[in-house]
Amino acid sequence: MAPKTACAQSATTKINRKQRNKITYTPAPLPAEGFVRLPSILAVLGISKNSFLNGIKEGKYPAGKLLTARCRVWPVADIRALLESLGGGSNG
């Protein structure tokens with residue numbers, strides 16, 4: 001008899017894998033006070049994640065605070081001040 005091929009073996013292991021339930025964060029509008037996460041900031045500013053992170057390195061945007069090892073948040077007051085400074089600089 002011929003041995004099983006690699007394709008047949010990989011097909012059976014793919015069937016037996018358990019599906020991962022990934023929870024994603026959807027952006028929400030800025031609240032009156034509190035903290036927001038990166039997707040909300042990007043939606044308000046209308047820029048990409050890399051542009052925002054490069055702006056943090058350059059000192060253009062606030063760095064935020066680590067809530068946990070993998071979750072960074074920004075105070076809404078800092079984001080509103082940023083919006084005012086960006087809006088005031090482009091108009092005047």
Fill in: Straight-line distance of K49 NZ to L42 CG, nearest 0.5 Å
8.5 Å
Worksheet entry | Audit row: L66, R72, side chain to side chain contact (heavy atoms under 4.5 Å, CB included) steps and yes/no | CA-CA 4 Å; L66 280 178; R72 185 171 292 271; 3.5 Å; yes
Practice prompt. Mind checking side chain to side chain contact (heavy atoms under 4.5 Å, CB included) for P29 and listing every partner two or more places apart, or none if nothing turns up?
Written response: none
Worksheet item: Any side-chain heavy atom of L45 within less than 4.5 Å of one from I79?
Response: no
Discussion item. Test of understanding: with side chain to side chain contact (heavy atoms under 4.5 Å, CB included), list the residues that count as partners of L67, not counting sequence neighbours.
Written reply: C71, V73
Worksheet entry | Residue pairs passing the side chain to side chain donor-acceptor pair (under 3.5 Å) test where at least one lies in residues 52-67, sequence neighbours excluded | none
Fill in: Straight-line distance of W74 CH2 to I41 CD1, nearest 0.5 Å
5.0 Å
Worksheet entry | Pairing residues for F35 by the ring pair (Phe, Tyr, Trp, His ring centres under 6.0 Å) criterion, not counting sequence neighbours | none
Worksheet, complete the sentence: Residue set satisfying side chain to side chain donor-acceptor pair (under 3.5 Å) with S48, at least two apart, ordered chain then number -> S51
Response to the item:
Contacts satisfying side chain to side chain donor-acceptor pair (under 3.5 Å) that involve residues 34-43 (not counting sequence neighbours) are Y25-S40
Worksheet item: What's the shortest heavy-atom distance between D78 and P62, and which atoms?
Response: CB-CG, 4.3 Å
Item to complete: Identify the heavy atoms of P31 and V36 that sit nearest to each other, and give their distance.
Response: CD-CG1, 3.5 Å
